[in-house]
Number of protein chains: 2
Amino acid sequence: MAERKRQVVREELGGAALRLLATNGFECTTIDQIVAAAGVSRRTFFRYFKSKEDVIIVFLGDLGKFVLEALAARPAGEPPGAAIRAALSLIVDGFSEDPAKSVALTNLMLGTPALRARYLDRQAELQAGLAVELARRSGADPTTDPRSDLTAAVALKAFDVTLARWAAGGGTEDFGTILDESFALLPTRLDR
Amino acid sequence: MAERKRQVVREELGGAALRLLATNGFECTTIDQIVAAAGVSRRTFFRYFKSKEDVIIVFLGDLGKFVLEALAARPAGEPPGAAIRAALSLIVDGFSEDPAKSVALTNLMLGTPALRARYLDRQAELQAGLAVELARRSGADPTTDPRSDLTAAVALKAFDVTLARWAAGGGTEDFGTILDESFALLPTRLDR
DNA sequence: CCCTGCTTGACACTTAGTGCCATCGGAGGC
DNA sequence: GCCTCCGATGGCACTAAGTGTCAAGCAGGG
């Protein structure tokens, strides 16, 4: 009940922030503007988000967790590249639900230094998670063998390249298709 | 003459900042402390550095430029992986000049979220630069062909893994050797 | 000697982010 | 129906990062 209410405020705040940030840019939008639009106090904002960046970045953390779960659920015999590609489908589907919003968010994130930096940091975290999962699947020791780490890095970079290209094209191309292309063009086949 | 003086102040400021940041941590060190140690005013600090993060991050930009120049100077026929590895020797040498300081700096950077994020952003910039240079060497069109981008990403990730491992080991191992190992363990050979 | 250009310090101001406390409103016990 | 407890909120004060502005100091050059 209280939980429900909290969720409402969170969405109101997130929605107002997203709208303003996408319109005015990250640096030019102040938290006072956001809370005014959402109808709560400044102090309340910081009870829902750790920082201004956090409004945009938080959901990436959940997304990463879902991808990790998806990877863990892939069949054991599947090659690493295919497994990661499949796990990423989750994000691909998310994007196609509301392409316009996804493109706006992506451009905001990739176009704002502070946000881009945070995005990369989150991605590095995900990469580490993927690496331990890949190591578990292959039976390698991730502390001494960097191969799974490198494989995860390569796969995520393919995703990165795809994301940039997709957003640059305004989201008109099919994300899944470009992603497959990127994986195919990888300077390795990621099949072990 | 004025230029000389400016350089002195810059080094004084950078040195004081580095010492304090390494000792007290990034968040716990205030700019007031830094300028007090360096003997200049708060305002002057911001005439030399854009932000607190900048003190640590600026030199990465120069480093990146040097690496790009080094890559451009490699013989045309050399495979991409070998060329990048060779270009990175520059950084390897820089590290071995003062290992203790390098390790401290690395740990500070990788251990502080804000700095790590900026580091990754700089690295992404370098990656883009490497990609256009690789494309130029291979005659590919970087706007449509993501292969050079992916190759650069893979190589830098090998560097990343190496850096983390080297810093974790306290800088006792030989950086160049671990870097070679990482490149050898890459899930691809980067030879085209 | 004075003029010019550059660097610096001081002050004021905006904004992000945090700690603290008073208040309000709903859920449940009597 | 009333009281109580608890979580959410708002307001206030405070620290710290940055930025704009201006006046003073300090070179070198005519």
Side-chain angles (χ1 to χ4, degrees), chain A residues 1-58 61 108-109 112-119 121, chain B residues 1-58 61 108-109 112-119 121:
Chain A
M1 330 319 165
E3 187 56 40
R4 189 76 74 189
K5 202 169 133 200
R6 241 187 108 73
Q7 199 56 33
V8 170
V9 176
R10 178 172 215 96
E11 275 162 22
E12 184 65 32
L13 220 30
L18 200 60
R19 207 172 334 111
L20 285 169
L21 290 173
T23 311
N24 306 344
F26 184 76
E27 289 85 5
C28 294
T29 306
T30 130
I31 292 184
D32 284 315
Q33 291 174 267
I34 297 175
V35 298
V40 299
S41 80
R42 207 178 114 69
R43 195 63 188 85
T44 295
F45 175 89
F46 287 106
R47 289 198 177 94
Y48 284 86
F49 301 101
K50 282 204 310 282
S51 68
K52 204 166 78 171
E53 294 160 11
D54 203 42
V55 188
I56 306 296
I57 299 301
V58 265
L108 180 64
M109 211 155 52
T112 308
L115 292 177
R116 188 179 50 227
R118 291 289 172 181
Y119 163 73
D121 197 40
Chain B
M1 329 317 168
E3 185 57 39
R4 189 78 73 187
K5 204 169 131 199
R6 241 187 107 74
Q7 198 56 34
V8 170
V9 176
R10 180 174 215 94
E11 274 162 24
E12 184 65 32
L13 220 30
L18 200 62
R19 206 170 337 110
L20 284 169
L21 290 173
T23 311
N24 306 344
F26 184 77
E27 288 85 6
C28 293
T29 307
T30 137
I31 292 184
D32 284 316
Q33 292 174 263
I34 297 174
V35 298
V40 298
S41 81
R42 208 178 112 69
R43 194 63 188 85
T44 295
F45 175 89
F46 288 106
R47 289 200 177 94
Y48 284 86
F49 301 101
K50 285 205 306 283
S51 68
K52 203 166 76 171
E53 294 160 11
D54 204 42
V55 187
I56 307 295
I57 299 301
V58 265
L108 180 64
M109 209 156 52
T112 308
L115 292 178
R116 188 178 52 227
R118 291 289 173 179
Y119 162 73
D121 196 40

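Computed from a predicted model, the values in this text were never measured in an experiment. Residue numbers begin at 1 in each chain, while the letters A, B, ... track the order of the sequences.
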Starting at [atom1] of [X] and ending at [atom2] of [N], how long is that distance when rounded to a whole Å?
| X | N | atom1 | atom2 | answer |
| --- | --- | --- | --- | --- |
| B:R4 | D:dA27 | CZ | P | 17 Å |
| A:F45 | C:dG19 | CZ | P | 16 Å |
| A:E53 | C:dG17 | CD | P | 7 Å |
| B:I34 | D:dA16 | CD1 | P | 12 Å |
| B:E27 | D:dA17 | CD | P | 11 Å |
| A:F46 | D:dT15 | CZ | C1' | 13 Å |
| A:F49 | D:dA8 | CZ | P | 15 Å |

Results of side chain to side chain donor-acceptor pair (under 3.5 Å) for B:T30 - residues two or more places apart only: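 For B:T30, no residue satisfies side chain to side chain donor-acceptor pair (under 3.5 Å) once neighbours in sequence are set aside.
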
Residues which pass side chain to side chain donor-acceptor pair (under 3.5 Å) with A:T44, listed by chain and number, not counting sequence neighbours: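 If we apply the side chain to side chain donor-acceptor pair (under 3.5 Å) test to A:T44, skipping adjacent residues, the hits are A:S41.
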
Angle between terminal axes - the helix from C:dC1-D:dG30 to C:dC30-D:dG1, 5 pairs each end, rounded to 10°: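 Roughly 10° between the end axes, to the nearest 10°.
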
Test item: B:K50 side-chain N/O and B:V58 main-chain N/O as donor-acceptor pair under 3.5 Å: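 Checking the backbone N and O of B:V58 against the side chain of B:K50, no donor-acceptor pair under 3.5 Å is found.
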
Are [X] and [Y] close enough that some pair of their side-chain heavy atoms sits under 4.5 Å apart?
| X | Y | value |
| --- | --- | --- |
| B:V40 | B:E12 | no |
| B:L18 | B:I56 | yes |
| A:I57 | A:M109 | yes |

Counterpart residues, side-chain contact (heavy atoms from CB on, under 4.5 Å), relative to B:R6 (two or more places apart):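 Residues passing side-chain contact (heavy atoms from CB on, under 4.5 Å) with B:R6: B:Y48.
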
With A:F45 via side-chain contact (heavy atoms from CB on, under 4.5 Å) - residues at least two apart: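 Once residues adjacent in sequence are excluded, the partners of A:F45 under the side-chain contact (heavy atoms from CB on, under 4.5 Å) criterion are A:L13, A:I31, A:I34, A:V35, A:F49, A:V55.
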
Annotated protein contacts, base or backbone, on nucleotides 6-15 of chain C with a non-hydrogen cut-off under 4.0 Å, one of B, S, - each: -SBBB-----

